Amino acid sequence: MAGPSVLTPQNEDFPQWYQEVVAKAEMADNGPVRGTMVIRPYGYAIWERIQSAIDERIKLAGAQNAYFPLFIPESYLSKEAEHVEGFSPELAVVTHAGGEELAEPIVVRPTSETVIGEFMAKWIQSHRDLPLLLNQWANVVRWEMRPRLFLRSSEFLWQEGHTAHASARDASAYALKIHLEVYHDFLEKVLAVPTFLGIKPPSERFAGATNTMTCEGMMRDGKALQMATSHELGQNFARAFDIYFQSEQGQSELCYTTSWGASTRLVGGLIMAHGDDRGLILPPALAPIQVVVLAVREDDEVLTACRDQYDQLTAAGVRAHVDDGRRGSFGRRVTDWEMKGVPVRIEVGPRDLAQGLVSVVRRDTGEKSTVAVADAAALASSLVRDVQGAMLNAARTLRDSRTTTVSDLDGAIEVAQEGFARVEWSKVGDAGEARLKSQAMTVRCLQRSDGSMPENERESGLVAIVARSY
RNA sequence: CGGGGAGUAGCGCAGCUUGGUUAGCGCGCUGCGUUUGGGACGCAGAGGCCGCGGGUUCGAAUCCCGCCUCCCCGACCA
């Protein structure tokens with residue numbers, strides 16, 4: 001059944017495989033300016049589905065969408081010391097506009113904590129204005145030294161949530177809620193990517209945050225990818241931007257703020273977490289096309305049968321598409337749909353049809369069934385449901401098989417060559433982090449030994465997950 | 001910024017060492033025909049400031065000088 005390889009095999013050269021999939025599945029192209037990205041219709045359709053699934057969850061969590069400007073006065077960034085220090089190397093700064101040099105340079109937002117902070121200060125007066133729960137969908141710019149399509153581009157699309165609360169406890173609870181009910185839930189249920197939940201060690205925290213939470217996924221080459229983050233910002237930004245509220249007791253008090261985001265990087269994670277040597281494999285909940293009905297050849301009888309399958313699938317609420325055979329040979333079209341990761345395909349050919357049969361094939365396992373024409377749409381629909389769970393299980397199995405608990409740093413370095421190492425955080429420390437860095441490894445996150453989220457990095461008994469990462 | 005490599009058709013490359021007619025090849029693209037159950041085949045086509053600027057020469061993709069850009073490996077990051 002397998003033809004000659006269309007892609008560089010993953011185990012031969014994973015980065016090469018990735019680039020080829022992005023190109024051949026028509027996901028994206030490099031833009032004319034280094035580090036920029038053109039997202040093609042098929043890639044954008046996937047992003048739109050990611051957006052709507054996340055947006056829906058954000059709204060359930062009570063946040064509202066708004067929009068803040070692309071341009072930020074440079075002076076805003078300077079108001080929070082760690083923040084400006086963290087971002088200055090990757091800022092794009094506008095110095096000229098309208099044919100003249102600007103009196104104050106304008107920064108193209110690398111994130112919007114600062115402008116949003118400024119406006120929160122204006123909008124929040126009373127404890128009755130809290131919590132203030134905002135989100136925006138936007139592009140941001142971070143000048144990257146080594147760009148990679150979707151994973152690290154100089155301009156990328158994302159969602160950034162920003163909230164203000166009356167107490168540290170409320171802020172912390174909300175950031176955690178987003179982390180679990182928006183990100184973790186989306187990643188498992190829609191993207192079918194299991195992630196380790198944890199907090200970042202201080203060295204890996206967001207610039208200006210008091211705590212950074214992460215969902216770390218494992219790619220098929222054993223490297224880690226941070227797939228979403230939530231930050232507790234304490235009162236750092238509130239202090240820098242004067243975000244005060246009057247309490248029930250009439251006192252003027254500083255707010256506690258949070259921020260949280262997920263970006264087009266998720267598309268890269270999706271590709272690398274599920275793809276195989278034939279291309280993408282999309283989880284059905286995400287796939288723009290869930291079932292492709294493939295005419296083996298252009299033939300009236302075949303096309304009529306395809307149409308009929310399409311109608312049944314659509315009526316059952318399945319996103320279907322008919323490939324009527326006008327574009328090239330059967331083999332070529334099969335290869336193309338596999339490359340694009342369509343979860344299920346129905347092959348309708350004259351020989352089978354003469355016996356009242358069609359073939360139904362699932363992309364994740366390649367399993368093929370030949371069934372009666374009348375049963376095909378129902379089978380395809382049930383596969384659409386089954387594949388979603390199967391993909392999550394497969395990803396979890398792979399991850400767990402490559403995650404090993406070790407007793408010391410040497411063991412961690414060995415294991416993290418090809419997977420995740422779990423090692424006691426107390427065995428790492430500053431010197432340990434430096435040693436890991438020399439091996440191109442980092443502490444991806446800290447968890448309790450049962451895998452749950454700790455309050456902070458000082459809790460005793462924490463486990464560090466060590467890996468190479470993107 | 002340090003170290004390595006490359007700019008020739010949409011993409012991937014050969015040609016350059018040793019200058020010489022009309023600059024090639026594969027894939028893709030267009031047209032026609034035959035095909036179609038796992039990347040089809042034939043025939044006919046279209047498509048090039050050979051990265052940019054200067055120099056040497058009767059003659060430069062090829063030799064010399066300068067510049068620009070891109071890629072890979074290291075230091076930062078969603």
Side-chain angles (χ1 to χ4, degrees), chain A residues 1-8 13 15-16 19-20 23-24 29-35 37 85-91 109-111 138-148 150-161 183 200 203-207 209 212-217 224-231 259-269 278-279 294-299 302 323-339 345-355 357-359 361 366 368 370 437-440 442 469-470:
Chain A
M1 155 174 162
S5 185
V6 177
L7 296 168
T8 299
D13 186 343
Q16 182 65 28
Q19 282 188 296
E20 290 175 7
K24 293 190 176 182
D29 258 329
N30 281 302
V33 172
R34 180 183 155 77
M37 166 168 69
E85 191 186 332
F87 278 109
S88 51
E90 40 185 338
L91 292 181
R109 63 179 165 220
T111 175
N139 58 340
V140 287
V141 169
R142 299 181 186 177
W143 218 252
E144 292 295 345
M145 299 181 187
R146 293 184 52 194
R148 291 244 265 146
F150 292 115
L151 296 174
R152 197 185 301 112
S153 49
S154 286
E155 178 191 1
F156 58 89
L157 306 182
W158 77 345
Q159 145 282 313
E160 51 177 319
Y183 298 141
K200 287 289 184 186
S203 59
E204 299 281 326
R205 258 184 215 145
F206 176 74
T212 289
M213 292 174 265
T214 178
C215 294
E216 293 287 328
L225 183 73
Q226 177 174 306
M227 302 192 73
T229 51
S230 306
H231 314 289
S259 70
W260 25 279
S263 72
T264 37
R265 170 177 278 188
L266 286 171
V267 180
R278 293 174 182 207
L294 207 60
V296 167
R297 68 163 71 177
E298 264 185 281
D299 168 295
V302 168
D323 177 340
D324 60 15
R326 241 168 283 197
R327 281 183 57 90
S329 69
F330 174 71
R332 176 54 189 249
R333 289 179 288 126
V334 168
T335 313
D336 286 347
W337 290 116
E338 284 181 338
M339 185 66 68
R345 69 176 183 273
I346 300 180
E347 299 176 358
V348 182
R351 290 212 294 265
D352 281 349
L353 213 50
Q355 303 172 64
L357 302 171
V358 295
S359 297
V361 190
K368 187 169 189 167
T370 301
K437 193 170 176 178
S438 75
Q439 301 291 310
T442 45
S469 67
Y470 281 97

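Side chains are part of it too, since the values below use all heavy atoms of this structure and drop only hydrogens, waters and symmetry mates. Just so we're on the same page: letters track the sequence lines, and every chain starts at 1. None of the values given here were measured: they were computed from a predicted structure.
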If the P atom of B:rA60 is compared with that of B:rU17, how far apart are they to the nearest Å? 14 Å

Mind checking the C1' distance from B:rC13 to B:rU30? Whole angstroms is fine. 23 Å

Does this structure show an ion pair linking A:Asp324 with A:Arg326, if we count only N-O contacts that are shorter than 4.0 Å? yes

By nearest heavy atom, map A:Arg333 and A:Ser154 onto RNA chain B; which one lands nearer the 5' end? A:Arg333

Distance check, C1' atoms only: B:rG4 and B:rU62, in whole angstrom units. 24 Å

Considering only atom C1', compute the distance from B:rG55 to B:rG19 and round it to an integer number of Å. 15 Å

Please work out if A:Asp352 contacts a base, only the sugar-phosphate, or nothing of the nucleic acid, heavy-atom cut-off 4.0 Å. base

Indicate whether A:Phe156 forms a stack on B:rA78; treat it as stacked only if centroid distance is below 5.5 angstrom and interplanar angle below 30 degrees. yes

Using the P atoms only, state how far B:rU18 lies from B:rC77, rounded to an integer number of Å. 49 Å

If you check every side-chain atom of A:Ser359, which of B:rG37, B:rC77, B:rG38 has the closest atom? B:rG37

Pairwise C1' distance for B:rC25 and B:rG15, with rounding to whole Å: 11 Å

Would you mind telling me which residue lines up with the more 5' stretch of RNA chain B, A:Gly35 or A:Arg152, judged by nearest nucleotide? A:Gly35

When rounded to the nearest Å, what value does the distance between P atoms of B:rC50 and B:rA61 take? 8 Å

With C1' as the reference atom in both, quote the distance from B:rC71 to B:rG51 in angstrom, rounded to an integer. 15 Å

